[in-house]
Amino acid sequence: MINTMECAVDAQSLISISLRKIHNSRTQRGGIKLHKNLLVSYVLRNARQVYMNEKYAEIYRMQQYEEVMTVCNEIQELNPLDLAEDCEEQSGDCCGNVGVSEPASLCCALLPVSHLAAVQSAHIQAPSACSAPLSLQSDEVCKETEPSFYRSCCAEAYPVSNCDFSPVNNNLHCNKTTVLDLDTHVVTTVENGYLHQDCCASLQQCCQSAQSPAKKRKVDFEYYISDIEEVSDFTPCKRAKFEDCSYANSEHLDTSNISNLISIFGSGFSGLVSRQSDFEQALNGQFCSKQALASLGAWTRAIVAF
Amino acid sequence: MAGAGGGSNDVQWCFSQVKGAIDDDVAEADIISTVEFNHSGELLATGDKGGRVVIFQQEIENKSQPQCRSEYNVYSTFQSHEPEFDYLKSLEIEEKINKIRWLPQKNAAQFLLSTNDKTIKLWKISERDKRPEGYNLKEEDGRYIDPNTVTALRVPVFRPMDLMVEASPRRVFANAHTYHINSISINSDHETYLSADDLRINLWHQEITDRSFNIVDIKPANMEELTEVITAAEFHPHQCNTFVYSSSKGTIRLCDMRESALCDKYSKLFEEPEDPSNRSFFSEIISSISDVKFSHNGRYMMTRDYLSVKIWDLNMENRPVETYQVHEYLRSKLCSLYENDCIFDKFECCWNGNDSVVMTGSYNNFFRMFDRGQRRDMTLEASRESSKPRQVLKPRKVCAGGKRKKDEISVDSLDFNKKILHTAWHPQDNIIAVATTNNLYIFQDKVN
């Protein structure tokens, strides 16, 4: 685990700084310095791992509470006397059920051991959560017939849910991003919303894994492998072929700014590309570091290829 | 600190000279990028970002007197490299001199190799103190005489003239490196030398410019799989078949050219396992080796990474025999150092003549010496304030935290723009050359 306590700079700002460095290196005299960019890419990778781990841990914890809450509420309506029993049973299901294609259990399976520890403690708290319902905004949401899992984690944090989670509609429009303006070099965080949406979306993707479950899981594992070496069967698209890259169950995230990221890096940064992502032409001069995080599912480092 | 001549007396370092402009406004072209003594120590070469080479010569005032103070004065200055433009890639090639290496002296002239990012040049530095006079067909100023006006013949003779030092390029070794050259090293066979860039090492013959042999190639088939680059390379001082190269991952590979033509398979791999408790966002950066140097006796090699200097025994691969912390107080500042790019600074290191002391640079114009035998270290500063002739340098101390004692400097008041990346030690005597941004300081041990 990376010791993140050593400095006040968090993973997200490190990612912004690193991307800015890579961008600046293009215009430096003497050409792109391979060594420096390689080192910056390692920082990017490390920051991304920490960031992802933190986010997924947070989401998982929220999911735990939400799911138990939902079940408890439903049970409460049925039979108040069986309340405590069922709550525990449900929470046991949650973690023990690896085979079931439920997002929570999938998360269980995928999370590294350190996060499972957090899960364990969440279970312990679950019964009390049942008896004293959490005063979350998601209370109302949980009672809906729609799969409350997805909505809950987003609804809790973001009262305005502008994300559409229906499996059919894969276009998630994000207007809450962290943006680095490459012209003015100003980093602005508009709203911390995108990654949660994206998180749900990729989990959603897991659940839709009717066609190729194995592949999907492997892709999601990418988020948790702490020391990612190159995935031998993973062949990112070359930059020139971004638009042609297609993937069986590709997630059409709104990555409108990602191709600009690629254009920043030049012809060789193909290692950044995930073959899942479908890139559109970029808005000029802007990219979203959060979107970069979310959609670049499998990249491990940014490399300049001459 | 043991001197080059042995003995256990403490060496006291004194200011001797400083070269370069005094004003604080540093022109980028004047930034010193390499420093190197020749094999006798008589000559000291510096290269700068503007592509110039300046050579200083030691003038022994009075050789018979043991307490003589020798001074280095400018001997020759020439423009080694010019900025170039690669039209195919639309890239500018910097003229900055990355490395200078002196060839062993064979005759009256001196030879050195200087390199920028792409091209290595062999320069001949020769003295001229006579010139021919009395030509029949030429006037003294060079105008040709009409042969019809010549009535008598004479034999031209050599007459003494003011000493002139000429530098002329004898060989240009170009177009062999796709990536940026970081090292050159001359083989002990006195015939060949190697040049290393980020991904490849080439072997050259000193006389042949149109051919070089590729002896190491770590470029992966797919550039996305790139995980490390070559950061430095050096030939063994005595074994002409052996060389080492360091990587950005903190490993050193020793290769034997007798094994195969392409030395991609190393003979030895020197690597110290990472301390997991020190893991941070910047672990990869600070473990990248910036310099590797063999000891003069060829038994050890020294590596410099961002925070430490490590001495390796060539017979032991799994860990260094000695590790010296250069500025451990920076470990908690890595975030800021990453933001201001200082974490990418490439510090060099050097051995003294008898391999008993090693030296490397730091920030705030500090440089550090580690006495291997006496297990002592010292921090000194190269500054104009301590530049009175023969002024003894006072050891400095950085206060890492807590109460700052008198004369200590706190970490937060260090000037990270003042860095000493390049240092050199005279091959025999206790004379050191320390390069600050645009000045060259020469220090000597105190003579009574």
Side-chain angles (χ1 to χ4, degrees), chain A residues 1-11 13-15 17-18 20-21 24-26 28-50 226-227 229-232 234-236 238 267-273 298-306, chain B residues 28 49 83-86 89-96 98 116-118 178-180 182 197-199 219-220 222-231 247-249 276-288 290 306 331-341 343-346:
Chain A
M1 282 297 283
I2 290 171
N3 177 16
T4 56
M5 302 303 289
E6 62 157 18
C7 59
V9 180
D10 65 345
S13 56
L14 263 185
I15 289 165
I17 293 167
S18 303
R20 198 182 319 158
K21 283 188 195 296
N24 289 341
S25 75
R26 288 192 80 213
Q28 262 171 12
R29 215 177 148 235
I32 299 174
K33 294 187 173 29
L34 185 62
H35 183 202
K36 183 176 174 185
N37 281 286
L38 180 66
L39 296 177
V40 169
S41 72
Y42 275 115
V43 175
L44 262 174
R45 185 196 68 169
N46 295 338
R48 179 181 165 276
Q49 283 168 5
V50 168
S226 60
D227 193 21
E229 296 302 325
E230 62 272 9
V231 180
S232 55
F234 200 81
T235 52
K238 294 287 177 194
S267 60
F269 272 89
S270 41
L272 276 179
V273 178
W299 64 264
T300 61
R301 61 196 143 264
I303 309 290
V304 177
F306 284 85
Chain B
E28 177 134 349
K49 250 188 153 185
E84 286 173 56
F85 197 78
D86 182 335
K89 292 182 193 161
S90 288
L91 285 180
E92 201 181 350
I93 300 168
E94 276 190 286
E95 67 275 29
K96 171 170 77 91
N98 292 335
N116 68 348
D117 283 339
K118 297 288 184 185
T178 311
Y179 302 95
H180 296 322
N182 52 55
D197 67 25
D198 291 323
L199 297 178
K219 184 178 180 184
N222 195 354
M223 274 301 269
E224 286 112 21
E225 294 159 23
L226 182 72
T227 56
E228 62 182 336
V229 297
I230 298 169
T231 52
S247 84
S248 55
K249 273 193 169 173
S277 64
N278 272 337
R279 182 110 187 93
S280 75
F281 290 114
F282 312 105
S283 293
E284 286 83 3
I285 301 186
I286 63 171
S287 64
S288 174
S290 53
Y306 190 65
R331 195 180 285 273
S332 55
K333 308 275 177 208
L334 293 179
C335 272
S336 337
L337 294 167
Y338 178 69
E339 280 184 72
N340 64 16
D341 270 1
I343 207 174
F344 300 105
D345 287 334
K346 294 188 184 162

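Each chain gets a letter, A, B and so on, in the order the sequences are listed, and its residues count up from 1. Scope of the values below: all heavy atoms of this structure, side chains included, with no hydrogens, waters or symmetry mates.
In this structure, chain A has heavy atoms under 4.5 Å from both the backbone and the side chain of B:S248. Using a 4.5 Å cut-off between heavy atoms, B:L199 contacts chain A through its side chain alone, with no backbone atom that close.
Summarising the local packing, CD of B:E28 is surrounded by 12 or fewer heavy atoms from other residues, nucleotides or ligands at distances under 6.0 Å.
Highest contact tally toward chain A, considering only B:D341, B:N116, B:T231, is held by B:D341 [criterion: heavy-atom pairs under 4.5 Å].
Using a distance-only test at 3.5 Å, with no hydrogens or angles considered, no donor-acceptor pair links the side chain of A:K36 to the main chain of A:K21. With B:H180 contributing its side chain and A:G30 its backbone, the two residues share a donor-acceptor pair below 3.5 Å.
Relative to the ring axis of A:Y42, B:K249 does not place its NZ or CZ within 45° and under 6.0 Å from the centre.
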